[in-house]
Amino acid sequence: MAFSIEPLSDSLGAEIRGIDLSQPLDNKTFARIEDAFHAHSVLLFRDQSLSADQQVAFTRRFGDLEVHVLDQYNHPDFPEILIVSNVMDGDRHVGIYDAGKYWHTDLSYMKVPSRGSMLHAIEVPTENGEPLGDTLFTSTTAAYDALSDDLKERIETLEAVYSLGHRFSRLVEDGDTDAAMTEAQQERAPEVVHRVVQPHPVTGRRVLYVNEGQTARLLGMSDAESRDLLDTLFGHIARPEYTYRHKWREGDVVMWDNIPTQHLAIQDYALPQRRYMHRTTLRGKALA
Ligand code: SIN
């Protein structure tokens, strides 16, 4: 199948044009898409119309899928789909309404984090015809490469604690009175330890793996030192030169590699402006 690949920014991302993801893809076409995924880290497919089962089927071409630990937001018929939405059904959130509020990479709080995620935009909020609720992506490979040699040496063997509970504590501190995890969710997602610098499992390139939303602290130093170094790294990761800002259109499918990228969802909309998206999440491999 003929298709084109156009870069989206200097640091990461590419748009793939000429593919209908609702149709089965031959192995050669799929292999080219997977190569583009590793080369560009974020892929955009515009004007897609994917049912829930078609999205699951396409994501499965890459490997096994996760069923998200925050199971109250999983699709009732397709548990591999996490609903990302601000829409309410009475007083119940139909989806995770605050996903991506802090820079993060998906499931970094699990012992085996996710390989990649795919978000299909079904409803996009707008104001005066302009989309709201953009998503920013940053290249943590570019961010790592740009660190000074001293800083690279300092963090090379460091380890950090990652925790979904940490994200919930931040939400509560920021005034979200609905933010809570059940006991079963806390048991399924206990604190884990990962190295701060990770090699990408396919490309081998080093990435800066700490993230604002889910990294609680660095090991082997005082809390104050850990806070200070994390703040330096978080500020560095978010620098505009490593980022691509995606303005959503209904029918967009964006997939990202969770190892060399982080993302942040801009929450500049509110009901009756509706944002409704389906996310599938690829299972990863144990980190280094
Ligand atoms: C996410 O963090 O997976 C969702 C990002 C978004 O809603 O734009």
### Message
Could you walk me through whether Arg279 and Asn74 satisfy the side-chain hydrogen bond (donor to acceptor under 3.5 Å, both in side chains) test, starting with their C-alpha distance in whole Å, then the side-chain angles of each, then the deciding distance to 0.1 Å, before giving a yes or no?
### Response
CA-CA 9 Å; Arg279 190 180 101 186; Asn74 290 339; over 6 Å; no
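- Counting heavy atoms from C-beta on, the side chains of Leu271 and Met88 come closer than 4.5 Å.
- Minimum interatomic distance between Leu12 and Ser139 (heavy atoms only, all atoms of both residues): CD1-N, 3.9 Å.
- Under a 3.5 Å cut-off, the side chain of Thr138 and the backbone N or O of Ile237 do form a donor-acceptor pair.
- For the pair Leu70/Phe168, a side-chain contact is recorded, criterion being any heavy-atom separation below 4.5 Å from C-beta on.
- By the rule that hydrophobic residues join a cluster once side-chain heavy atoms approach within less than 4.5 Å of another member, Tyr269 and Val124 end up as members of separate clusters.
- By the 30° and 60° cut-offs, the orientation of the rings of Phe137 relative to His263 is tilted.
- If you take CG on Leu132 and CZ on Arg275, they are separated by 10.0 Å, rounding to the nearest 0.5 Å.
- Within the 3.5 Å criterion, the main-chain N or O of Ser163 finds no donor-acceptor partner in the side chain of Glu191.
- Side-chain atoms of Asp10 and Tyr242 form no donor-acceptor pair, as typed in the model, at a separation below 3.5 Å.
- Here the CG-CZ distance, from Asn211 to Arg167, works out to 11.0 Å after rounding to the nearest 0.5 Å.
- The local environment of CG in Asp77 is crowded, with over 12 non-hydrogen atoms from other residues, nucleotides or ligands closer than 6.0 Å.
- The pair Asp145-Arg206 does not count as a salt bridge, with every side-chain nitrogen at least 4.0 angstrom from each carboxylate oxygen.
- In terms of hydrophobic clustering, with Ile, Leu, Val, Met, Phe, Trp and Tyr side chains grouped at heavy-atom distances under 4.5 Å, Leu230 and Val207 are assigned to a common cluster.
- Of the possible donor and acceptor atoms, none in the side chain of Arg188 sits under 3.5 Å from a partner among the backbone N and O of Glu183.
- Open room surrounds CZ on Arg274; 12 or fewer heavy atoms of other groups in view lie less than 6.0 Å from it.
- Here the side chain of Glu225 pairs a donor or acceptor atom with the backbone of Ser222 at under 3.5 angstrom.
- Thr29 contributes no side-chain N or O that, together with a main-chain N or O of Leu25, makes up a donor-acceptor pair within less than 3.5 Å.
- Nearest heavy atoms, Ser108 versus Gln214: OG-OE1, 2.6 Å.
- More than 12 heavy atoms of other residues, nucleotides or ligands lie within 6.0 Å of CG in Asp268, so this atom counts as buried by the packing criterion.
- Contact detail for Val196 and Ala160: the closest heavy-atom pair is CG2-CB, 4.0 Å.
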### Task
Carefully, step by step, assess Lys101 and Glu212 under the rule salt bridge (charged side-chain N to carboxylate O under 4.0 Å, His left out).
CA-CA 10 Å; Lys101 185 171 169 134; Glu212 188 191 23; over 6 Å; no
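- Under the 3.5 Å distance criterion, the side-chain polar atoms of Gln55 are left unmatched by any main-chain donor or acceptor of Ala52.
- Under the 4.5 Å side-chain heavy-atom criterion for Ile, Leu, Val, Met, Phe, Trp and Tyr, Val192 and Val210 are members of the same hydrophobic cluster.
- A heavy-atom distance below 4.5 Å is found between the side chains of Glu15 and Arg46.
- Atoms OG1 and CG, on Thr280 and Leu82 in that order, are 9.5 Å from each other to the nearest 0.5 Å.
- Side-chain atoms of Asp252 come within 3.5 Å of backbone N or O of Arg249 as a donor-acceptor pair.
- Within the model, atoms CG of Asp53 and CD of Glu80 stand 10.5 Å from one another, a figure rounded to the nearest 0.5 Å.
- Tested against Glu66 for a side-chain contact (heavy atoms from CB on, under 4.5 Å), the candidates Asp106, Leu282, Thr281 yield a single pass: Thr281.
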### Message
As a quick check of understanding, evaluate side-chain contact (heavy atoms from CB on, under 4.5 Å) for Arg60 and Phe62, giving each step before the final call.
### Response
CA-CA 5 Å; Arg60 274 227 176 94; Phe62 291 83; over 6 Å; no
### Task
Test side-chain hydrogen bond (donor to acceptor under 3.5 Å, both in side chains) on Ser114 and Asn258 and set out the steps.
CA-CA 6 Å; Ser114 158; Asn258 272 313; 3.0 Å; yes
### Query
Could you walk me through whether Ile96 and Ile83 pass the side-chain contact (heavy atoms from CB on, under 4.5 Å) check?
CA-CA 6 Å; Ile96 180 164; Ile83 299 173; over 6 Å; no
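- In this structure, Gln273 contributes its side chain and Ala270 its backbone to a donor-acceptor pair below 3.5 Å.
- The shortest heavy-atom contact between Lys152 and Tyr144 is CE-O, 3.2 Å.
- The shortest side-chain heavy-atom distance between Ile16 and Ser4 does not fall under the 4.5 Å cut-off.
- Checking each of Asn86, Ile122, Val84 against Tyr276 for a side-chain contact (heavy atoms from CB on, under 4.5 Å) leaves exactly one that passes, namely Ile122.
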### Task
Determine, stepwise, if the pair Gln262 / His104 fulfils side-chain contact (heavy atoms from CB on, under 4.5 Å).
CA-CA 5 Å; Gln262 290 180 22; His104 71 288; 5.9 Å; no
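- Around the CZ atom of Arg154, the shell of radius 6.0 Å holds no more than 12 heavy atoms that belong to other residues, nucleotides or ligands.
- Around the CG atom of Asp223, the shell of radius 6.0 Å holds no more than 12 heavy atoms that belong to other residues, nucleotides or ligands.
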### Query
Run the side-chain contact (heavy atoms from CB on, under 4.5 Å) check on Thr135 and Leu264 step by step: do they pass?
CA-CA 6 Å; Thr135 306; Leu264 173 76; over 6 Å; no
### Task
With ring-ring contact (aromatic ring centres under 6.0 Å, His included) as the test, would you mind laying out the steps for His278 and Phe78 before giving the verdict?
CA-CA 10 Å; His278 280 171; Phe78 296 92; 8.6 Å; no
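- Between Leu218 and Leu229 the shortest side-chain heavy-atom distance falls below 4.5 Å.
- In this structure, Ala286 and Val112 approach most closely via the heavy-atom pair N-CG1, 3.8 Å.
- Checked by atom type and distance alone, the side chain of Ser148 pairs as donor or acceptor with a backbone atom of Leu151 at under 3.5 Å.
- Glu130 places no side-chain N or O within 3.5 Å of a backbone atom of Glu127 that could act as its donor or acceptor partner.
- No path of Ile, Leu, Val, Met, Phe, Trp and Tyr side chains, each step under 4.5 Å between heavy atoms, connects Leu171 with Ile266, placing them in separate hydrophobic clusters.
- Linking Ile, Leu, Val, Met, Phe, Trp and Tyr residues whenever their side-chain heavy atoms come within less than 4.5 Å places Met118 and Phe45 in a single cluster.
- Summarising the geometry, atom OG belonging to Ser9 is positioned 10.5 Å from atom NE2 belonging to His40; distances are rounded to the nearest 0.5 Å.
- Here the CG atom belonging to Asp257 is positioned 7.5 Å from the CZ atom belonging to Arg115, to the nearest 0.5 angstrom.
- The minimum heavy-atom distance between Ala121 and Met277, with the atom names listed, is CB-CE, 3.8 Å.
- Using a 4.5 Å heavy-atom threshold, the side chains of Tyr244 and His246 count as touching.
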### Message
As a quick check of understanding, evaluate salt bridge (charged side-chain N to carboxylate O under 4.0 Å, His left out) for Arg32 and Asp35, giving each step before the final call.
### Response
CA-CA 5 Å; Arg32 281 187 63 209; Asp35 285 349; over 6 Å; no
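- Note: Tyr109 and His68 have perpendicular aromatic rings, judged against thresholds of 30 and 60 degrees for the angle between ring planes.
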